[in-house]
Amino acid sequence: MVLADFSVNSGAVFTEAIGNDRLDLLTDYPFTRLANLLAPITPRANVAPILLTVGEPQHTPPTIIEETLRASASGWNKYPPVGGTPEFRAAAGDWLTRRYGLPAGLLHADSSVLPLSGTREALFMLALLAVPTQKAGRQPAVLMPNPFYAPYEGAAVMAGAEPVFLSATRETGFLPDLDALTPELLERTALFYLCTPANPQGAAATPAYLAKAIGLARQYGFVLAVDECYAEIWLDAPPVGALQVAASLPHEDGKPWANLLVFHSLSKRSSAAGLRSGFVAGDPALIGRFSRLRSYGCAGMPLPILAASTALWRDEAHVEENRAAYRAKFAAAEAELGGRYGYYRPAGGFFLWLEVGNGEEAAKRLWAEGAVRVLPGAYLSRSNPGEPNPGDAFIRVALVQDTDTVAQACASIVRILG
Ligand SMILES: Cc1ncc(COP(=O)(O)O)c(C=O)c1O
């Protein structure tokens with residue numbers, strides 16, 4: 001028997017290469033890299049550390065969760081069905097219809113919605129669903145923005161596809177330039193991950209942009225996965241969604257969502273990252289196949305969590321409170337940072353994407369001199385041959401703490417980075 005010696009916290013250190021060598025194509029996860037970067041540094045300042053790295057809202061979760069979990073505790077001893085409950089699917093479907101102004105009855109929740117124990121696992125598993133052995137006679141490509149949410153790359157690589165990193169810089173409006181995609185690439189594209197509002201830059205795709213992406217997916221026969229995890233964290237106007245745009249496009253009879261899947265989560269909307277609750281919605285043919293795949297490899301969402309999630313998708317009051325809290329935090333950040341580091345007010349999400357020269361050096365200095373922990377932008381992006389890494393000059397700052405803490409952290413950023 002071959003024994004692997006590895007430590008989850010310090011990154012995988014294998015005494016012998018065993019198993020799936022595709023894993024070696026991946027770097028350590030961004031937060032493992034950050035832990036390694038900052039481990040040798042002891043913050044000089046005698047102050048409590050301020051953690052602005054993980055996108056984990058520190059707001060008090062809504063009381064609905066506790067109440068519903070208690071009321072549905074009898075469900076803990078049951079294996080939940082992969083498709084969840086009709087009540088959950090209806091709540092998610094009704095929310096999508098309300099939020100995106102979908103024509104009544106267009107979205108059939110029972111065939112177009114699946115619950116997910118957090119969207120991360122499903123965004124990852126999606127590649128197993130979408131990537132064939134070959135596409136157009138070649139290795140399939142999985143497209144993703146650059147920078148990107150790390151599981152997209154992990155999914156592409158582990159499914160045997162080539163991850164293709166599409167620069168999303170200030171020059172391209174912080175979203176991939178769809179006009180730059182060549183037919184040669186699109187023909188072998190199996191899956192395209194889009195994130196809107198984008199993590200980390202907060203850019204939101206326009207209806208025209210989403211219409212173009214949906215059109216390409218249909219023309220070239222790939223899955224368009226739109227990660228709308230930050231859809232409910234917005235400052236001025238609700239970002240449009242991909243289903244909303246798809247509903248307005250000409251489509252084959254009865255197939256408004258062809259090739260399209262959207263992912264929604266309660267982690268940010270309801271400050272409930274620990275609940276592990278989200279859903280995927282869209283093309284019933286893909287949802288059906290996803291359901292089959294998930295029957296083999298997923299833990300269904302426990303019945304009490306389905307009940308709590310149902311109640312959360314039906315409630316907007318706590319979401320409005322949440323948005324008000326983020327508005328106050330962005331106002332505080334803007335007051336401290338406005339005019340520096342390319343600060344801008346994002347369309348959505350709760351990240352600052354600050355241009356600081358060298359993101360890794362800035363992260364080290366902020367930790368050493370101010371006990372402020374942020375993520376170097378380069379840990380969220382990759383270099384394409386001959387091009388600079390689009391994240392190198394940036395840090396990502398997650399506004400997940402309370403307003404005073406955010407203001408204090410931003411003041412430290414200015415004091416330390418100048
Ligand atoms: C862009 C993006 N998508 C998806 C997720 C996953 O969220 P969850 O698994 O909590 O639903 C995150 C979490 O940080 C994210 O930033």
Side-chain angles (χ1 to χ4, degrees), residues 29-32 34 51-59 61 65 84 88 92 95 113-127 142-156 165-166 168 174-176 191-205 224-234 239 241-242 261-281 294 298-299 301-302 305-306 308-309 312-313 319 322 326 346-353 374-375 377 379-381 391 396-400:
Y29 203 70
F31 298 117
T32 307
L34 180 70
L51 308 181
L52 304 174
T53 49
V54 184
E56 181 190 68
Q58 298 301 302
H59 307 178
I65 298 179
F88 174 90
W95 177 80
V113 174
L114 274 183
L116 307 171
S117 294
T119 52
R120 186 208 322 223
E121 55 97 3
L123 286 162
F124 181 86
M125 187 178 252
L126 175 64
V142 173
L143 312 186
M144 64 197 74
N146 194 23
F148 55 91
Y149 180 49
Y152 308 159
E153 182 191 17
F165 307 107
L166 309 172
F174 289 127
L175 292 170
L191 169 63
F192 187 172
Y193 289 106
L194 257 184
C195 185
T196 176
N199 170 5
Q201 315 95 319
L224 178 66
V226 186
D227 182 352
E228 298 181 342
C229 175
Y230 293 93
E232 289 291 81
I233 313 295
W234 44 266
L261 293 174
V262 298
F263 290 77
H264 282 275
S265 172
L266 290 175
S267 297
K268 326 292 175 180
R269 177 182 182 271
S270 302
S271 307
L275 193 65
R276 308 312 300 131
S277 180
F279 67 81
V280 56
R294 295 177 62 73
C298 282
M301 187 187 289
I305 296 184
L306 280 162
S309 307
L312 288 171
W313 287 113
V319 189
N322 242 347
Y326 286 112
F350 49 56
F351 297 111
L352 303 176
W353 183 237
V374 301
L375 191 66
Y379 293 6
L380 299 169
S381 50
R396 190 189 78 171
V397 182
L399 302 190
V400 289

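Just follow the structure's listing: the first ligand is 1, and inside any ligand the first atom is 1. Note that the numbering runs from 1 along the sequence shown for the chain. Keep in mind that this is a model prediction, so the values were computed, not measured.
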Quiz item: Which part of Asn199 is near ligand 1, with near meaning a heavy atom under 4.0 Å away: side chain, backbone, both or neither?
Solution: side chain
Quiz item: Is it the side chain (CB and beyond), the backbone, both or neither of Leu123 that lies under 4.0 Å from ligand 1, heavy atoms counted?
Solution: side chain
Practice problem: For Gly118, counting its heavy atoms only, list the atoms of ligand 1 lying under 4.0 Å from any of them. | Solution: 9 (O), 11 (O)
Quiz item: Which is closest to atom 1 (C) of ligand 1 in terms of heavy atoms, Val54, Asp227, Leu266?
Solution: Asp227
Quiz item: Polar-atom distance check: Lys268 versus ligand 1, any N or O pair below 3.5 Å?
Solution: yes
Quiz item: Under 4.0 angstrom from ligand 1, any heavy atom of Arg276?
Solution: yes
Practice problem: Quick one: sort the Phe31 and Tyr29 rings into parallel, tilted or perpendicular, breaks at 30° and 60°. | Solution: tilted
Quiz item: Can you find a non-hydrogen atom of Tyr230 under 4.0 Å from ligand 1?
Solution: yes
Exercise. Return yes when Cys195 approaches ligand 1 closer than 4.0 angstrom through a heavy atom, no otherwise.
Key: yes
Quiz item: For atom 7 (O) of ligand 1, which candidate among Thr119, Leu116, Leu380 provides the closest heavy atom?
Solution: Thr119
Exercise. Would you please say whether a donor-acceptor pair under 3.5 Å links the side chains of Thr119 and Asp227?
Key: no
Exercise. Enumerate the atoms of ligand 1 whose separation from the nearest heavy atom of Ser265 is less than 4.0 angstrom.
Key: 8 (P), 10 (O), 11 (O)
